[in-house]
Each structure stands twice: as structure tokens, then as C-alpha cells.
Amino acid sequence: MDSVFDSIYQKYHQDLYRFLFYMVKNKEVAEDLVQEVYIRVLKAYDRFEGNSSEKTWLFSIAKNVAVDYFRKQKGWKRWVLEKMDLSTAQVKDHLPLPDEIAQQQEEIGLIYKCLDQCTIDQKMVILLRYIHELSISETAEALSWTESKVKTTQHRAIKALRKYMGEMDKEVMLGEEIKAK
Amino acid sequence: MKRSRLSEREVESLLKQLPKVSDQRSPNEIYQSIVSKRKRTKIPNWLLPGLASCAVLVLVVILSPSLLNFRESVNDHPATEFNSSPDASKRLGVKEANTLDHQQEKSAENQINYDSFSGTENPTAVYSTDVEGHLALTYAIPDKNAQVTVPITVLIEKTTYKTWFEQFEETMLKLTEEEWGLADYFPLNADLRYDQASETVYIDVPAEHRYGFGSTAETMFLDTLQDSFPIDKVKKVIFTTEGKEGIHLGSYGNIIEMELDGKSHNLAYFIYDPQNTDRPYLVPTEDSFSSLEGAFSEMEQDQTEHGLKASLPKGIHLDILNESEKGETLELYISDEVKGQKDFLFSLEAIMLTAKSFGYSKLRVKTEGIKQVGPFSLDEEIPLPVAPNKEVIEFN
């Protein structure tokens, strides 16, 4: 086995997988994407100059892989919509809740669902800051942003999540009231 | 009801509790999939045109006997008519000679094809034929590592009812920098206004702008402005921050205005090749050169501090035949060692853009054995590009 692969696998594999999983919310897709990360890393490893930390460099590659994936998806969906004249709502994915999430308390499930309402930028910042516990400067490095952009995007993301959690809560309560009647 | 009142802290705490989903596959399994994925070869770019050419050849082989018969039957009639006239054989002779010449020409053409490059065929720059019916706008876009700004020339359809500045602003919103392998930089986080009479662009940034965060951001911002406005239309940029005079850029202090220096003279072009793009970009140096020879010799070296690669193969034998008599056409001798060199087309384009920056408008290449590089026939004078790095944007 390649020593670069081995070392990255030992140190960062689950982190990279987790980041990609929460980005795409699909285990099979995340498995494919993490492989794509390795392919890009193995191609570019010789050129890694150590200007940034290995961890933020790897996250920056994972971020590019995820963005490319969404771009392809968007292109494909747009093509289907044009051909079939469907509305966006009809092709929106409804992926089942993974076991790990389903077993958690209700609020965790809700926040997991609310992540879908965030923009890709907001989601990336949220994941790097709260799941991977990267600092503001590490996040900025991984996303090739300024620290100020990280801060404002993080702020907007949390604000958006609070709003969606509130809306989602109302929907749940309405559903419960209808059931009770 | 409680959740609608969740505080920021509570949301943050819920996010931290999201479970640590993990990949259950063994490292060996993952490694094997990567190896097999890497081995799966892509269809090379040349394969489809190659297959199309093969199909054409097959059709020619199938149809040629009938075509020949058709031609012969047509030729039969004039031949009999010519025989009835005294000049007939002469005229027929001329006709045959012409055909022979034509055949010789054809075999010469075939010879040319043998001498052409098998590398990339599509040039990167914008040429005069591209610009017909289009407006070319060049934006200097930073690369993802903020080491260099890459001049990207966007071609958009020409309209008569909008000024160039309106189109410049509109197009700024449509740039897809990340798809081009560059940093997402445009649109600028600022209000722009153009005054034609004074050839000035007014830039008003919001108080929380990020162009002054660190010396790299500052330099990139100023470089981008220097190289994104055409010098024939903009001579000066005046800055304000939320209406107040000047912009604060850390190491530069408070800048009120900046003269554009139109530094596109005597520059050398290098290769910038980001990942995941199908072709490289040609990027000029910051510094200008006193001689074309000096520029060419520097172009053989990588410019690592800017992430740029050499644009000329090391040890290339390149002589400037008419440097002293500086005129419209640059004459160059290129030794045929570069024959077969992969991607020499990009080197030729780097030479052309460099020559343009030194004030030439055409290039004549003298060489032995090389007749064609990509779409350029070296038997003729080649008009130099209009601008580097072409991208086309369609407005719907």
C-alpha cells in the first residue's frame, strides 16, 4: 500500500469521510468522494509545500471535491428539468435518515435536516467549525477565504439554522395537532 | 415551542452533538478502489476526432470507386470533343498537367500533415477572428493560492445599446472563476461608477470589506484593478469607503486614488496550469524586460514564487532574426528539436503574447521541418493574439 495513502488514512480518513458525508448526506456518495480526494492528493502530494497544515490542505481538497460534485449534480438536474419540464421540488432528494442520526434525540435529527437549508458555503463553515472543530484561521485556510468571510458566513449560518429550527418546530407541532384531532 | 427560541449557543451545541458517522470500509478495500479508479483510463481527447477521421476514411474507401467512375465518365466526353479540335491534345495535355500539379500539391499537403504537431490543437488566446461580433473584456483573476493574477479574456456578444462599462459590470457577475480553476473573486464587493470624460472609475467599498485583510489580499486587490480595466478607457481609480474618502489597505495605508500604469509592455508570459482544467493559462510576469531575448531566456525557467511554469522548453534554440530593426513583424528561427514536443502550441502562444507585449503585431517563424503548430501554418505570417486566455460567456 502507498505510504502516503497509509499515513493520510491513519490520520485523517474518518475526518474527511465525515466532512463529505455531512456535505452530501449520502454514505455511498461520500465513499466515492473520499476516494476522489485520495486520487487528487496522491497526484498532488509532491507539490504540497507545507505552507498550510496537512489537515487544512486535505480539507481544502475535500471541499473542492464536494463543490465539483454539487456543480455536476446541478448541471445534470438542470438538464433533466429542461428535458422533462419538471419543477425543482419533484427532483429534490429525500434521503432516509442514517441510523446514526435516527438513534439521536429529536433535536439532533431536526438540525441535521435543517443543514439542507444552508447554502454550500454556510454548510462548509458549520461542518469545519463545529464538527471538525477547526479554528477560524484554519477554516479560512481550508476554504481559501479570509477570516472575516469565515466569521460572517458562520454568523449567517447560525442565524439561518435558528430560523429553520423554529419553522420546522411549528410544522411538527401542526402535524401533531392534526393527528390529535 | 422551545426550539423556536433556541439561542445561538444552543444551536452550536446541537451541531457539536451531531454523531461521528464513520466509513466502515477497510483501508485495503479503499486503496484497491482508488487503484482501480486511477487505472480506469479516460477516453483521450484525440480519440473522438481520431475515430471520426477513421470513419471518413472508411467512407472514402467505399465511395471512391464510384466517384472515380463518375469522374471518368464525365472526362470521357470532353476528351472526344477535344479530339475533334486541333488544339484538343494540347488542351487535354494542359488539363492533365493541371491534374498532376494538383496531385503533387495534394501529396505536398500530406507531407505538411506529417510535419505538424500531434499535441494539443486548440489555442488558448483570443485571436482577431474570435472577436468578430464580440466584445472582449479582460479580468485579472487571482489564482486559488493568491500567488498571481491570471488575465482571463471573456468574449460576450456585442450590443449597441450598452456601454462597455455596463457590459463590464454585467459580465463581472457571470464569471465562473472556480470552474476555471481560479479563486472566486468577482463580482467585487463594491459599487463601481465610470466617468467617461475623466476616464475614471469610482470604487466605493463597504466598511466591512475584506480587501485590506493581510498584505496578500491588498496586493491582489490592487493588481486586479490595475489589470482589469482597459488602459485606453480608464486612467485612474478613485476609492471611497461608504462614501468617505479613501480605502484603508493595511500596508498601503489609506489610498485615495490610483493611477493605472497600463503595464502590459515588455512582459514575458509563463504557464499557469491549475488542477482540473483542460488547458493551461498564459500569465505575464509582473516585471518588464529590457530585451525580447532576455524575456525568452527567462521563459525557460519556472517562476516558483508565483506558481508559474516555464513556457519554453529548456535549451530551445531560438534566434531573433530582426530584433535590431524593430518593426511590425518579429522574425524568429526555431530549431526543429521542438518537433513532436507535447504542447508546443502553448509555447508558441507564449512567444506570441510576449512578442505582442514588446509591440509586434505579427510573427514569422523560420524553421526546418516544422510546418504547422496547432492551427498555425508556419509558412505564413501569423497575426499575434488580441488578448490572452479566452473564455466565452453566453448570456441567456
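Note on naming: letters A, B, ... go to the chains in the order of the sequence lines (proteins, then strands), and numbering restarts at 1 for each one. FYI, side chains are in, hydrogens and waters are out, and symmetry mates aren't considered; it's all heavy atoms of this structure.
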Which distance, rounded to the nearest 0.5 Å, do you find between the [atom1] of [X] and the [atom2] of [Y]?
X       : Y       : atom1 : atom2 : result
N64(A)  : E178(B) : CG    : CD    : 7.5 Å
E10(B)  : M165(A) : CD    : CE    : 9.0 Å
L14(B)  : Y112(A) : CG    : OH    : 15.5 Å
L110(A) : L6(B)   : CG    : CG    : 9.5 Å
L115(A) : L15(B)  : CG    : CG    : 6.5 Å
L20(A)  : D23(B)  : CG    : CG    : 10.5 Å

Can you establish whether the number of heavy atoms outside E245(B) located under 6.0 Å from its atom CD is more than 12?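 Count not over threshold, so no.
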Shortest non-hydrogen contact from S22(B) toward Y17(A):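 Nearest pair, atom of S22(B) first, then Y17(A): C-CE2, 3.4 Å.
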Could you report the tightest heavy-atom contact between I131(A) and K20(B), atom names first, then the distance?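 Nearest pair, atom of I131(A) first, then K20(B): O-NZ, 4.5 Å.
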[X] versus chain B, heavy atoms under 4.5 Å apart: side chain, backbone, both or neither?
X       : result
I111(A) : side chain
E147(A) : neither
D68(A)  : side chain
Y130(A) : both

Heavy-atom pairs under 4.5 Å with chain A - which of K16(B), Q17(B), K144(B), R25(B) has more of them than the others?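 Going by pairs under 4.5 Å, I would pick R25(B).
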Is there a side chain to side chain contact (heavy atoms under 4.5 Å, CB included) between T152(A) and R210(B)? Walk through the geometry before answering. CA-CA 11 Å; T152(A) 47; R210(B) 56 176 201 269; over 6 Å; no
Using a 4.5 Å cut-off on heavy atoms from C-beta on, say whether the side chain of N189(B) contacts that of K149(A).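 No, side chains not in contact.
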Would you call V21(B) and K27(A) a side-chain contact if the rule is heavy atoms closer than 4.5 Å?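 When only atoms from C-beta onward are counted, K27(A) and V21(B) do touch, with a gap below 4.5 Å.
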